[in-house]
Amino acid sequence: MKIPVRMRRLRRNPGIRRLMEETSFEPRNLVQPYFVVPGTGILKEVKPGYGLWHVSADKLLEEVQPLAKAGVGGVMLFGVPDEKSDDPKRLSAQLAPLTDGIKRLKDALPTLPLFADCCLCSFTTHGHCGVVEGDQIVNDKSVELLSHFAVLLGQAGVDFVSPSDMMDGRVAAMRAALDGEGLTSVSILSYAVKMASAFYGPFRDAAHSAPSFGDRASYQQPANNRREALREVDLDVAEGADALLIKPAMTNLDLIRDARERCDLPLFAYQVSGEYAMIRAAADAGLMDFERAIRESITSIRRAGADVVVSYYARPLLRR
Ligand code: PBG
């Protein structure tokens, strides 16, 4: 048969396929999240197999060390306090396990990139990402408190603060607050695109951060709007973000590509708890192979344009 172009020639054997591979991911492209809880001696997967780990500050190093050895790109820490409070004066005490964890990791592994989430939802009684007055999430007071939050994380020694709150103006305010405290080398990884998503369910269980009233639609973005998402990207660039993050990942592959072509900042995508859980549950139900499915998903996120993928898969991949 006369077939002018035969695509299968370049897929003939594993060696040729490997040579022609355009996109892949290595350990350094992955960042592993952890939930830092008060107490000692705690290392527990919230639901076995679903990738969300509670860990106390004293166990963090022994947990992270093998990942660092295996070449993980970095670790992202979320604080989960025992006590919820809406009093800004309590924040530093509520953050103590997290800042303790940051210090311990930085001491022992000074060059391992360390990220810490900067958001109020796990810390407040109402579970919203900002300051609440009546039934409103008020922007500017939230930004002030979040800037203070960022400074506390910076003082503990974190490399990147990661604002996931989605208040307006917080990147510029955090930059100014950090610089004002002499923390000029602390970077801001800003959540530029964060959809009001159904895919955060397992995370909210792990972080005890579900809102007690209403939802997050007045600050997180609607999945319907592409142009609005790109305005968020432009704003975070203009406000001085050092790197951008988009999440969820698999439902926003188009926006990852858009952001990649629009700006030259390093681009992160967060494969969130619900994305991971979806693949895990399908695999548990015998519907697909877990390893193949999760690798395909991460490869696709990289192909869309993400440099770094925050994923609960880093740990199972690197601790075998
Ligand atoms: C906090 C925050 C959330 C996630 C990261 N930071 C949850 C939310 O906004 O409700 C989700 C991450 C995940 O699902 O893995 N604002």
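Ligands are counted one by one from 1 in listed order, and the atoms in each one are counted from 1 as well.
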Do Gln271 and Tyr312 have side chains that approach each other closer than 4.5 Å (heavy atoms only, starting at C-beta)? no
Ser142 vs Asp165 side-chain heavy atoms within contact, under 4.5 Å: no
Aromatic ring proximity Phe268/Phe115, centre distance under 6.0 Å: yes
Got the residues with a heavy atom under 4.0 Å of ligand 1, by chain and number? Phe78, Asp117, Cys119, Cys121, Cys129, Ser164, Lys194, Phe199, Tyr200, Phe203, Arg204, Arg216, Gln220, Lys247, Tyr270, Val272, Ser273, Tyr312
Between Ala306 and Arg302, the two heavy atoms sitting closest are O-NH1, 3.5 Å
Identify, with sequence neighbours excluded, every residue that meets side-chain contact (heavy atoms from CB on, under 4.5 Å) alongside Glu144. none
Run through Leu244, Asp236, Asp234 and flag the one making a side-chain contact (heavy atoms from CB on, under 4.5 Å) with Cys263. Leu244
